Amino acid sequence: MKKLFQHHETYLVLIILVLSAVITSINANFLTAENMFDMMKSNSFVGIMAIGMLLVLISGGIDISFAAIATVGQYVMALFIIRFGGNIFIALALSAIVGTLLGMINGLLIYYFRIPSIITTIATMNIYYGFLIVFTGGKWIYSLPDWFRKFAEIRLLTFYSSRGIAYGLSVVTFIWILVSISAVVILKYTILGRSIYAMGGDRKSSVRVGLNIFLTETFVYSFMGLLAGIAGVVQALLVQTVAPNSIVGKELNVIAAVVLGGASLAGGKGSVFGVILGVALLAILRNGMTLMAVPAVWFEFLVGFVILVSIGISSYRGKKKSTQTSVIEIVMEETSCLK
Amino acid sequence: MLKMKISVDNEIKVLSLILAGVIILMTVLSPRHFLRFETFQGIAFQLPELGLLSLAMMITMLTGGINLSIISTANISAITAALILTTWIVPEVPASTDMWIILIAIIAALGVSLLVGLFNGFLISIINIPPILATLGTMKLLQGVAFIVTRGYVISGMPNFIRFLGNGKVVGIPMPLIIFIVCAFLMATYLNHTATGFNIFMFGSNPIATLFSGVNNGRVIIKTYMISGLFSGVAAIIMMSRFNSAKAGYGESYLLVTILAAVLGGVKSEGGFGRVKGLILSLVILQVMSMGLNFLGVSAFLTVAFWGLIMIGAMISHFIIEQRNQLRLSSGNSGSSIKYKGK
């Protein structure tokens with residue numbers, strides 16, 4: 001029991017339960033399967049990007065460019081399937097490949113030139129997005145093919161509500177679940193995954209242990225790009241339009257969700273389960289506000305409040321702990337050996 | 001110490017070269033438009049608000065932190081001032097008390113921005129939240145407050161004096177430029193000639209060493225973020241004056257540009273290094289570029305892409321220069337220092 005309370009996730013589950021109880025007591029529609037499945041569907045694209053961000057944060061980096069990558073992937077996909085047709089697998093593969101390539105550029109720049117990841121990705125975000133707008137003229141795309149629309153409506157499980165309306169597990173949510181499972185497998189059961197944790201925990205030590213830092217670092221950013229590409233298609237599936245400004249600008253929301261889930265910006269910490277809880281917390285907050293008829297203007301305020309309180313508590317506990325067991329770190333000559 | 005001096009001077013040299021290059025390029029590409037008085041005046045009016053925000057960003061980056069809440073701080077300060085001004089001043093009926101109300105409004109705006117800075121500093125130093133998250137939280141909180149207060153509407157109609165601060169001229173020099181130069185000078189003096197300024201650099205290089213040399217780290221951080229807030233507040237007044245209004249969500253695209261400007265100007269994001277001079281040079285480069293490309297009919301988005309490319313180019317050249325320096329240093333004095341270098 002005591003051990004359970006050492007985990008960040010436990011607190012998150014508690015917060016979510018309390019929040020859900022409050023919302024349900026005001027509007028009973030919250031705790032219906034219909035609403036739950038609906039929330040899982042509409043948040044899947046944030047969830048997919050959050051998984052990618054998790055790996056980047058665990059490795060000790062950060063990526064600001066993923067929203068731009070997702071938009072680029074989305075556009076390339078939409079232009080291709082409108083002109084040449086195809087099917088959903090081609091669409092996903094195309095966007096994923098574009099995303100992976102752009103993510104790989106980030107990773108290579110960060111690895112070879114040791115530019116701080118936040119700087120690199122701010123720069124590449126501007127580059128990717130700038131060129132995208134110039135080449136496409138920033139036009140909105142509405143005329144997506146019919147099969148694209150039909151795919152988004154596929155449900156893997158179907159239920160009927162008392163009023164006869166169909167609902168269930170959307171295929172979009174299923175993509176999110178697949179992505180989450182693959183991330184768990186990579187992080188827990190592969191050398192690559194363990195080296196991501198090791199690199200984020202202590203880069204120098206992991207070099208000396210002989211881990212392949214080049215592979216790890218490039219993989220993390222490429223994987224972020226891959227998931228951004230997939231998330232771009234998922235977002236297009238959800239709203240059935242492709243617009244230049246629909247994803248860009250939401251970078252910090254995704255990072256907030258991941259950090260709420262217990263990932264540390266210093267690297268080496270974080271779990272897939274935590275990230276899903278973080279995404280869920282923000283989703284429930286937004287959904288609950290609508291159901292409780294709280295004006296939408298309060299959302300940003302509450303998000304800020306939740307971030308500060310939840311991270312504040314864990315940071316303050318960390319500080320308390322570190323004053324009890326004082327560790328003096330000896331910083332030695334750096335740079336050249338870090339590579 | 002000596003090594004640091006050399007690399008910083010290189011920084012200024014490289015930036016000046018880039019600036020000269022950009023100006024020559026723009027002159028060659030569009031001689032009729034670019035080399036005109038109006039062009040430079042346009043730059044002089046546009047530079048200050050971005051410049052003040054970049055200074056606000058820079059001082060936090062010197063400590064190895066970051067302040068994502070500068071734009072929202074500016075907006076909340078501007079909204080505070082605008083609310084005071086529009087409630088108590090009737091534009092059609094000039095009254096003798098107007099000047100006092102304007103003064104109160106400006107002080108209120110600066111006060112709010114200082115309070116936000118204090119709050120950020122408290123979160124970072126006392127609660128121990130990493131700067132990027134603390135200021136992200138504050139940013140969301142303030143955006144929320146701004147929306148709640150204004151309901152998303154624009155508060156417009158500023159008195160003449162406020163409009164003068166952003167649009168007027170004194171002996172041919174744009175007023176915002178004067179404010180910016182004064183602020184930049186104050187910032188440079190503060191950083192280079194006061195104890196706190198020295199501690200800010202020291203904290204950025206090595207917080208543990210700073211603590212052990214008897215510095216109150218918490219106070220340094222709180223001061224840093226308060227000053228960052230204050231500069232956002234000054235930027236708020238200029239922005240409010242130039243837009244002739246205040247609104248939640250103004251200027252949000254500036255946020256990443258300020259980081260870009262600071263980094264291009266030689267501020268290390270890990271902290272400890274950076275100069276106001278370099279920052280100003282990089283700001284001028286960015287402005288000249290966007291102005292020149294604008295004349296060429298290039299889309300604003302392509303300009304932003306070019307900024308990104310320049311930034312990556314600058315970082316790569318830093319890396320190469322640094323590696324060469326290190327090679328020279330380590331081949332110069334072989335022995336003890338090399339042993340610890342790993343490979």
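The shown structure was predicted, so the numbers you read here are calculated from the model rather than taken from an experiment. In what follows, chains are A, B, ... by sequence order, proteins preceding strands, each numbered from 1.
- When heavy atoms are compared at a cutoff of 4.5 Å, B:Ile259 approaches chain A solely by way of its side chain, counted from C-beta outward.
- A:Phe299 does not touch chain B: none of its heavy atoms, backbone or side chain, sits under 4.5 Å away.
- Among A:Val134, A:Ile115, A:Ile119, the residue with the largest count of heavy-atom pairs under 4.5 Å with chain B is A:Ile119.
- Sorted by first then second residue, the salt bridge (charged side-chain N to carboxylate O under 4.0 Å, His left out) pairs that include residues 296-307 of chain A, not counting sequence neighbours, are A:Glu300-B:Lys140.
- With sequence neighbours excluded, the residues satisfying side-chain contact (heavy atoms from CB on, under 4.5 Å) with A:Val306 are A:Leu260, A:Leu281, A:Leu285.
- Heavy-atom distances place the side chain of B:Leu123, and not its backbone, under 4.5 Å from chain A.
- The distance from atom CD1 of B:Ile312 to atom CG of A:Asn106, rounded to the nearest 0.5 Å, is 7.5 Å.
- Looking at heavy atoms from C-beta onward, A:Pro116 lies out of side-chain contact with B:Lys268 at the 4.5 angstrom threshold.
- Heavy atoms of A:Leu308 lying under 4.5 Å from chain B belong to its backbone as well as its side chain.
- Proximity to chain A involves both the backbone and the side chain of B:Val145, based on heavy atoms less than 4.5 angstrom apart.
- Each of A:Val309, A:Ile62, A:Asn253 has some count of heavy-atom pairs under 4.5 Å with chain B, and the biggest count is that of A:Asn253.
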**Request:** Could you walk me through whether B:Phe319 and A:Arg114 pass the side-chain contact (heavy atoms from CB on, under 4.5 Å) test, one step at a time?
**Result:** CA-CA 7 Å; B:Phe319 174 78; A:Arg114 306 259 12 98; 3.8 Å; yes

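- B:Ile66 touches chain A through its side chain: at least one heavy atom from C-beta onward sits under 4.5 Å away, while N, CA, C and O do not.
- Contacts of residues 69-80 of chain B with chain A at a heavy-atom distance below 4.5 Å are absent; not one residue qualifies.
- Shown here is B:Tyr250, whose OH atom has more than 12 heavy atoms of other residues, nucleotides or ligands within 6.0 Å.
- A:Ser315 and B:Asn128 make their closest contact through CB-O, 3.4 Å (heavy atoms, listed as atom of the first residue, atom of the second, distance).
- Every residue two or more places apart in sequence or in another chain that forms a side-chain contact (heavy atoms from CB on, under 4.5 Å) with A:Ser222 is listed here: A:Thr100, A:Met104, A:Thr218.
- The greatest number of non-hydrogen atom pairs below 4.5 Å with chain A, out of B:Leu133, B:Ile126, B:Leu136, is found for B:Leu133.
- To the nearest 0.5 angstrom, B:Met315 atom CE is 10.5 Å from A:Leu109 atom CG.
- Between chain B and the residues A:Ile307, A:Ile127, A:Val303, the most heavy-atom pairs under 4.5 angstrom are made by A:Ile127.
- At a 4.5 Å heavy-atom cutoff, the contact between B:Leu260 and chain A is made by side-chain atoms alone.
- The distance from atom CG of A:Asn126 to atom CG of B:Leu302, rounded to the nearest 0.5 Å, is 11.5 Å.
- The contact between A:Ile118 and chain B is made entirely by side chain atoms (from C-beta outward), counting heavy-atom distances below 4.5 Å.
- For CZ of A:Phe305, the number of neighbouring non-hydrogen atoms (other residues, nucleotides, ligands) closer than 6.0 Å is 12 at most.
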